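Handing you a structure now.
On a predicted model such as this, the values are computed, not experimentally measured, just so you know. Numbers restart at 1 for each chain; the letters A, B, ... are given by sequence-line order, proteins then strands.
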Amino acid sequence: MQKQLDKIYDPAKVEDRLYKFWVDGGYFHAEADPEKEPYTIVIPPPNITGQLHMGHALDETLQDILIRFRRMQGRATLWLPGTDHASIATEAKIVAAMAEEGITKEDLGREKFLERAWEWKRQYGGRIVEQLKKLGSSCDWDRERFTLDEGCNKAVNEVFIRLYEKGLIYRGERIINWCPTCCTSISDAEVEYEESDGNFWHLRYPITDGSGYIELATTRPETLLGDTAVAVHPDDERYKALIGKTVTLPLVNREIPVVADTYVEMDFGTGVVKITPAHDPNDFEVGLRHNLEVINVMTDDAHINEKGGKYAGMDRYEARKAIVADLDEGGFLVKVEPMKHNVGHCYRCNSTVEPRVSKQWFVKMEPLAKPAIDAVKKGDIKFVPERFNKTYFNWMENIRDWCISRQLWWGHRIPAYYCADCDEVMVTLDAPCKCSKCGSTNISRDEDTLDTWFSSALWPFSTLGWPDDTDDLKYFYPTNTLVTGYDIIFFWVARMIFSGLEYTGKAPFDTVLIHGIVRDAQGRKMSKSLGNGIDPLVEIEKYGADALRFTLATGNSPGNDMRYVPERVEASRNFANKLWNASRFILMNLPDDEPAAHLPEKLSMEDKWVLSQYNRLVAEVTDNLDKFEIGMSVQKLYDFIWDVFCDWYIELCKVRLNSEDKTAAATARAILVYVMTGVLKLLHPFMPYITEEIWQTLPHDGESIMVSEWPKFTESLVFDEDEREFGRIMDAIRAVRNRRAEMNVPPSKKAKVYIDTVYGDTFRKGAIFFERLASASETEVQEGVEVENAVSIVTVDAKIYIPLGELVDLAAERARLEKEREAVLKDVAFVENKLNNPSFVEKAPEKVVAAQREQLARHQEKLAMIDERIAALK
RNA sequence: GGACGCUUAGCGCAGCUGGUAGCGCUUCCGCUUGACGUGCGGGAGGUCAGGGGUUCGAGUCCCUUAGCGUCCACCA
């Protein structure tokens, strides 16, 4: 059987086949195993409406790296996947689709609408899941969940009822953010503020007793219709006399009081504020303090309602125009001042949000926030990087009650029932057949559903069976790492933390690994409107999933944004190809009956060198992954594989592989397979496909690399002395190459290399490599040897001569040596300077001082050799 | 108004607990070297944004200034 691989790695031929192999093998599936330590990640469930984008690709890649790493370490590893019902986004899509057919939600009715929504979910909800698979994500698909499935619904109801009974969920009339397009309330977190150009309309309201006017200013003149007071600061001398009097509201002719409230800033505007309790959160508070009437003047779709008199029926902006015109005409408009101010927009549809009073359900946050803050303070939960603690604290410490009811149908329906006769509110799991208070059967269920994030907040435990005390919950919960972007800390992470603590008594995870967003090559956010998004699936098709993953994992540090530069994916693709060809080389040299990776008894200097380097790599990569330093670990793998293994070790091995010495060749093969196998394992979490494909082709034990054992650092495989020894050879080879390149000698022009060194044994062992790697025709190692008419090269360890015949120019040789001497002198001076500084020697750690002394000795040795050589040339 | 981040080679980025600056791409020179030209060898390119401080020693810690960016709050 001749093992043959293509010259170029073609991911398309490999990926789907291997993914199927993994799924069929059940390697992604996790079971509670008391013998093992669990490791759990729950996926941030992507919206069913979504398409895979680079943000997902990054998020999934990081998770899969951690998951595959821990799985190979022997942990019972669960990556729990699923999707989010995304109430607003999904409902909006379905409503839009229906609009094309000319039907509305109301036409269909709730039940029919939901049927349609589920049908839509069945059709499109699976799309994103299939896309996740393309990345190579090793999720346990047997446990796939949906935030609106039965289990999640059970958890949601349980939580709602418990919190209600505890008094932490309440229903009340409060100012909420209303999206007139989505026609629902949204939470504070769902409002995005954007600075925009507006006007500051200065108005004057006549004082009812005829004594004049009071001037004030507003950015939303249409809310005048709902004004129920005018406020001034109690200490404001200008207006003290007016407090307690009334003014007559222009256009409306309502008599409203002038109240004193410290909320008013005397220095801002005229120091007078019109108070519209129904349409501004601050005004609402003022209204409560002064017992003001609350007049809601707007409809659900932001038109003026019947309370607005002649303006009723107008859109809010039409009304604004009309009112301003009427005010002007009536002499109530003093001036219009252009002004920039922040306007809130719905994070889903970007409509301008309308603050308004509405009867909604809220979660009382203060008692929940406190333990959630403590959990992070105590270190039960760690943010990586740590700076996000601050973001989190800042939000949690200033949090307001969470508006959780939504005027939507697609979502978890609120388990509250109302008696039409006595207004009793009943919050229960099962619909009551009669009122618990008056016995009436005239009962109806709350029409509203819950904020999507209410169910997402329970995700780490609802997916494991909570509220039932299941075996899975006991074993896999609390989960370990949560991986997500900083843009979602408030929406999701914070809410999972207080939810987990409140309902399960445990922090839902111990670490939150935060990543940034993936931007385009120019650093712009990828967006639909800009059309600058890069489709991960297209990239996978072009370069392979491994290359994409590798790119996203490289040069990326936690919490920071990154740019997606096409050249980088190419570099990753090239790296995959490099690895592929290295394995191709090894395979070409392997007999059919080659045993799986093992270490032979008798190792050469270069074997020990590479094993040492490899072994250190194992330690470092493992350590980096333990600390979530993913970018660093991947960089080290890249450097080792390309530089140490391919450019050096494979080249070195060619000598033995081609020699007559069968034992030597076998040793080289064994080390090649050993290191390659180990490196494939270390690389597997980052590049799962190619590593599996190669691993399967190489001699191996076990079914799949993904369930093979993660390499362990082995003390006995550190060979300091051999590393040092081989380092001398490498230095010398590099010096020879360097000199030849400098002199423009083509590799085809070979010449004998003479080496004068005190490290005779080392250089005799390494002599052959000068032929392989430094264009030597033959190599002679001899202490004190001197060669006439040769190019000379000095390293710290050796003087090297290459008789290059007509190319040798002794004057140039001398000049070059003089130049080199200058450079070494500088090095000597630099180190000497340090060592001559008494406070350095005194205060610096011994290790550092010793290292500097050694450094100096090396510089001096080199200097001495250069001097000798210069003397000889004279 | 508050908080945070970034500023390192032409470009994109690393740089962990402070000890004479690294990677990829680009660029220049050379190479049909029996794994790979998606490659090999060699080179050029940086007063680590400015200023101050701590320290024997700072890209790395502290203060400060500037530019860019993000988040939170929000004065009607």
Side-chain angles (χ1 to χ4, degrees), chain A residues 5 7-9 193 200 216-220 223 231 263-265 267-276 280 282-283 286 341-342 385 387-388 390-391 393-395 398 486-487 489-490 516-517 521 523 543 547 551 554-557 559-568 570-589 620 623-624 627 629 631-632 635 638-639 646-647 650-651 654 658 734 737-748 772-775 826-827 830-831 833-834 837-845 847-849 851-852 855:
Chain A
L5 298 179
K7 207 167 169 179
I8 285 176
Y9 172 62
Y193 289 91
F200 209 30
L216 48 78
T218 178
T219 53
R220 291 189 298 157
T223 61
Y263 152 69
V264 179
E265 295 269 339
D267 307 334
F268 188 80
T270 59
V272 184
V273 186
K274 65 191 258 320
I275 300 297
T276 322
D280 182 279
N282 292 311
D283 292 8
V286 174
H341 65 135
N342 280 334
R387 69 180 128 95
F388 286 100
K390 250 188 170 161
T391 312
F393 289 141
N394 183 46
W395 193 72
N398 298 299
Y486 57 69
D487 49 335
I489 293 177
F490 304 138
I517 58 174
Y543 302 104
T551 304
T554 315
N556 170 348
S557 53
N560 288 356
D561 290 351
M562 65 187 305
R563 295 189 196 197
Y564 191 85
V565 184
E567 290 77 22
R568 288 190 49 222
E570 259 173 64
S572 303
R573 188 267 323 260
N574 294 353
F575 174 64
N577 195 239
K578 184 75 183 171
L579 183 71
W580 182 254
N581 276 289
S583 70
R584 206 161 71 94
F585 170 78
I586 295 174
L587 283 168
M588 281 168 56
N589 284 284
E620 286 176 26
D623 184 53
N624 285 142
K627 295 193 210 140
E629 294 163 353
M632 275 220 239
Q635 184 66 49
Y638 181 96
D639 290 343
C646 291
D647 289 347
I650 285 184
E651 292 306 321
K654 287 178 180 173
N658 295 331
R734 276 195 276 248
R737 283 170 169 175
N738 180 325
R739 174 59 51 83
R740 290 181 60 110
E742 213 173 292
M743 295 175 65
N744 268 323
V745 187
S748 52
R772 183 85 224 169
L773 303 176
S775 304
K826 262 190 192 164
D827 288 340
F830 181 87
V831 185
N833 201 27
K834 253 186 177 178
N837 181 348
S839 42
F840 170 74
V841 181
E842 208 176 292
K843 290 178 181 167
K847 256 178 104 174
V848 174
V849 178
Q852 291 298 315
Q855 187 76 265

Exercise. Report the base-pairing partner of B:rA76 (Watson-Crick or G-U wobble, both distances below 3.5 angstrom), or none.
Key: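 No nucleotide pairs with B:rA76.
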Exercise. Evaluate the side-chain proximity of A:Thr554 to A:Tyr638: yes if any heavy-atom separation is below 4.5 Å, no if none is.
Key: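 Not touching, per the 4.5 Å side-chain cut-off.
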Self-check item: Pairing partner of B:rU47 (Watson-Crick or G-U wobble, both distances under 3.5 Å)
Solution: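 None - no nucleotide pairs with B:rU47, as no candidate has both distances under 3.5 Å.
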Quiz item: When rounded to the nearest Å, what value does the distance between C1' atoms of B:rC48 and B:rG22 take?
Solution: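 Per the computed distance, 12 Å lies between those C1' atoms.
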Quiz item: Is A:Thr218 touching bases, backbone alone, or none of the nucleic acid, heavy atoms closer than 4.0 Å?
Solution: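 Since only primed, P, OP1 and OP2 atoms lie under 4.0 Å of A:Thr218, the category is sugar-phosphate.
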Practice problem: List in chain and number order the residues that pass side-chain contact (heavy atoms from CB on, under 4.5 Å) with A:Tyr193, two or more places apart in sequence or in another chain; answer none if no residue qualifies. | Solution: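 side-chain contact (heavy atoms from CB on, under 4.5 Å) list for A:Tyr193, sorted by chain: A:Val191, A:Asn342.
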Quiz item: For B:rU54, which nucleotide in any strand shown is its Watson-Crick or wobble partner with both distances under 3.5 Å?
Solution: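 Across all strands, not a single nucleotide pairs with B:rU54.
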Quiz item: Quantified in whole Å, what is the P atom distance between nucleotide B:rC74 and nucleotide B:rU65?
Solution: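 Approximately 27 Å lies between the P atom of B:rC74 and that of B:rU65.
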Self-check item: Nucleotide B:rG57, atom P - distance to CG of A:Asn833 in whole Å
Solution: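 A:Asn833 atom CG is separated from B:rG57 atom P by 12 Å.
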Exercise. With P as the reference atom in both, quote the distance from B:rG45 to B:rC23 in angstrom, rounded to an integer.
Key: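 Roughly 15 Å separates the two P atoms.
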Practice problem: Specify the separation, in whole Å, of atom CD of A:Glu842 and atom P of B:rU55. | Solution: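 Those two atoms, CD and P, are 14 Å apart.
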Quiz item: Out of A:Asp561, A:Thr391, A:Asn560, which one pairs with A:Tyr486 under the side chain to side chain donor-acceptor pair (under 3.5 Å) rule?
Solution: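 Only one of A:Asp561, A:Thr391, A:Asn560 forms a side chain to side chain donor-acceptor pair (under 3.5 Å) with A:Tyr486, namely A:Asp561.
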Self-check item: Whole-Å C1' distance, B:rU70 and B:rC29
Solution: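 So the two C1' atoms sit 45 Å from each other.
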Practice problem: Classify every nucleotide of nucleotides 34-40 of chain B by which part a protein heavy atom approaches to under 4.0 Å, writing B for the base, S for the sugar-phosphate alone and - for neither, in 5'-to-3' order. | Solution: -BB-BSS
Practice problem: Please determine if a side-chain N or O atom of A:Arg568 lies less than 4.0 Å away from the OP1 or OP2 oxygen of B:rG12. | Solution: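 A:Arg568 to B:rG12 OP1/OP2: no side-chain N or O under 4.0 Å.
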Exercise. May I ask you to verify if any side-chain N or O of A:Arg740 is less than 4.0 angstrom from the OP1 or OP2 atom of B:rG42?
Key: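 No, no such contact exists.
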Quiz item: On a whole-Å scale, what distance lies between the P atoms belonging to B:rG1 and B:rA21?
Solution: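 The same atom, P, in both gives a distance of 41 Å.
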What does the list of N/O pairs under 3.5 Å between the protein and nucleotides 15-22 of chain B look like, with a distance for each?
unit_1, atom_1, unit_2, atom_2, d
B:rU20, O4, A:Asp827, OD1, 3.2

Quiz item: Once you round it to whole Å, what is the distance between C1' of B:rG69 and CG of A:Asp487?
Solution: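 Spelled out: CG on A:Asp487 to C1' on B:rG69 is 15 Å.
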Which protein N or O atoms sit under 3.5 Å from an N or O of nucleotides 28-31 of chain B?
unit_1, atom_1, unit_2, atom_2, d
B:rC29, O2', A:Asn744, OD1, 3.3

Exercise. Without swapping roles, check the side chain of A:Asp280 against the backbone of A:Asp283 for a donor-acceptor pair under 3.5 Å.
Key: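 Yes, the answer is positive, given that a donor and an acceptor are paired below the 3.5 Å cut-off.
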Exercise. Ignoring hydrogens and angles, tell me if any N or O in the side chain of A:Asn589 forms a donor-acceptor pair with the backbone of A:Phe585 under 3.5 Å.
Key: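 Flag set: sc A:Asn589 to bb A:Phe585 pair under 3.5 Å.
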Quiz prompt | Listed partners of A:Asn738 passing side-chain contact (heavy atoms from CB on, under 4.5 Å), at least two apart | solution =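 So A:Asn738 forms a side-chain contact (heavy atoms from CB on, under 4.5 Å) with A:Glu742.
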Self-check item: Pairing partner (Watson-Crick or G-U wobble, both distances under 3.5 angstrom) of B:rC36
Solution: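 Result: none.
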Practice problem: Indicate, with a heavy-atom threshold strictly under 4.0 Å, whether A:Phe388 touches base, sugar-phosphate, or nothing. | Solution: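 The answer is nothing, as A:Phe388 stays clear of every strand by at least 4.0 Å.
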Quiz item: For A:Val264, what residues pass the side-chain contact (heavy atoms from CB on, under 4.5 Å) criterion, not counting sequence neighbours?
Solution: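 Listed in chain order: A:Ala231, A:His233, A:Val273.
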Practice problem: Quick one: look up who B:rC11 pairs with, Watson-Crick or G-U, both distances under 3.5 Å, and put none if it's unpaired. | Solution: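 B:rC11 is paired with B:rG24.
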Quiz prompt | Among B:rG12, B:rA76, B:rC72, the one nearest A:Phe490 by side-chain distance | solution =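 Given the options B:rG12, B:rA76, B:rC72, the side chain of A:Phe490 is closest to B:rC72.
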Quiz item: Is there a Watson-Crick or G-U wobble partner for B:rC16 with both distances under 3.5 Å, and which nucleotide is it?
Solution: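 When the pairing criteria are applied, nothing turns out to pair with B:rC16, so the answer is none.
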Quiz item: Atom CZ of A:Phe393 to atom C1' of B:rA73: distance rounded to whole Å?
Solution: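 That distance rounds to 19 Å.
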Quiz item: Parallel, tilted or perpendicular: which describes the rings of A:Tyr9 and A:Trp580, with under 30° parallel and over 60° perpendicular?
Solution: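 A:Tyr9 and A:Trp580: tilted rings.
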Exercise. Could you say whether A:Phe200 or A:Arg387 is positioned toward the 5' end of RNA chain B, judged by the nucleotide with the nearest heavy atom to each?
Key: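 Between the two, 5'-proximity favours A:Arg387.
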Practice problem: Could you check how far NZ of A:Lys847 sits from C1' of B:rC56, rounded to whole Å? | Solution: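 Value for this atom pair: 19 Å.
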Practice problem: Answer with base, sugar-phosphate or nothing: what part of the nucleic acid does A:Asn342 contact at a heavy-atom distance below 4.0 Å? | Solution: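 The residue A:Asn342 makes base contact.
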Quiz prompt | CG on A:Asn837 to CD on A:Glu842, rounded to 0.5 Å | solution =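 Reported value, rounded in 0.5 Å steps: 9.5 Å.
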Quiz item: Quantified in whole Å, what is the C1' atom distance between nucleotide B:rC63 and nucleotide B:rG69?
Solution: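 That atom pair is separated by 23 Å.
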Self-check item: Distance, rounded to the nearest Å, where A:Ile517 contributes CD1 and B:rC6 contributes C1'
Solution: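 The distance from CD1 of A:Ile517 to C1' of B:rC6 comes to 14 Å, rounded to the nearest Å.
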Practice problem: Could you let me know what B:rG41 is paired to, Watson-Crick or G-U wobble, both distances under 3.5 Å, or none if it's on its own? | Solution: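 Check on B:rG41: paired to B:rC29, both distances under 3.5 Å.
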Quiz prompt | pair A:Phe388-A:Ile489: side-chain heavy atoms closer than 4.5 Å | solution =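 Side-chain contact under 4.5 Å: yes.
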Practice problem: Indicate the atoms forming the closest heavy-atom contact of A:Val272 with A:Leu216, along with that distance. | Solution: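 Heavy atoms only, the tightest pair is O-CB, 3.5 Å.
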Exercise. Tell which nucleotide pairs with B:rU70, taking only Watson-Crick or G-U wobble pairs whose two distances are both under 3.5 angstrom.
Key: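 Base-paired to B:rA3.
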Quiz item: Hey, are the side chains of A:Lys834 and A:Val849 touching, using non-hydrogen atoms and a 4.5 Å cut-off?
Solution: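 No - every pair of side-chain heavy atoms lies 4.5 Å or more apart.
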Quiz item: Judged by atom type as modelled, is there a donor-acceptor pair below 3.5 Å linking the side chain of A:Asn658 to the main-chain atoms of A:Lys654?
Solution: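 Such a contact is found between A:Asn658 side chain and A:Lys654 backbone.
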Self-check item: Between B:rU7 and B:rG15 - C1' atom distance, rounded Å
Solution: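 Going atom to atom, C1' in each nucleotide, I get 15 Å.
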Quiz item: CG of A:Asn577 to NZ of A:Lys7: how many Å apart, nearest 0.5 Å?
Solution: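 With rounding to 0.5 Å, CG (A:Asn577) is 10.5 Å from NZ (A:Lys7).
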Quiz item: Roughly how far apart, to the nearest Å, are B:rC28 and B:rA44 at atom C1'?
Solution: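 Straight-line distance between the two C1' atoms is 7 Å.
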Quiz prompt | Euclidean distance, atom OH of residue A:Tyr193 to atom C1' of B:rC74 [Å, nearest integer] | solution =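 Answer to the nearest Å: 8 Å.
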Quiz item: Would you say A:Arg573's side chain and A:Tyr543's backbone share a donor-acceptor pair under 3.5 angstrom?
Solution: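 No, A:Arg573 side chain to A:Tyr543 backbone: no donor-acceptor pair under 3.5 Å.
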Quiz item: Between A:Gln635 and A:Asn556, who's closer to the 5' end of RNA chain B by nearest nucleotide?
Solution: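 Counting from the 5' end, the first nearest nucleotide belongs to A:Asn556.
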Quiz item: Do any side-chain nitrogens or oxygens of A:Asn398 fall under 4.0 Å of OP1 or OP2 in B:rC72?
Solution: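 For A:Asn398, the contact criterion (side-chain N or O under 4.0 Å from OP1 or OP2 of B:rC72) is not met.
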Practice problem: Whole angstrom is fine here: how far is it from CG in A:Asp561 over to C1' in B:rA14? | Solution: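 Going from A:Asp561 (CG) to B:rA14 (C1'), I get 16 Å.
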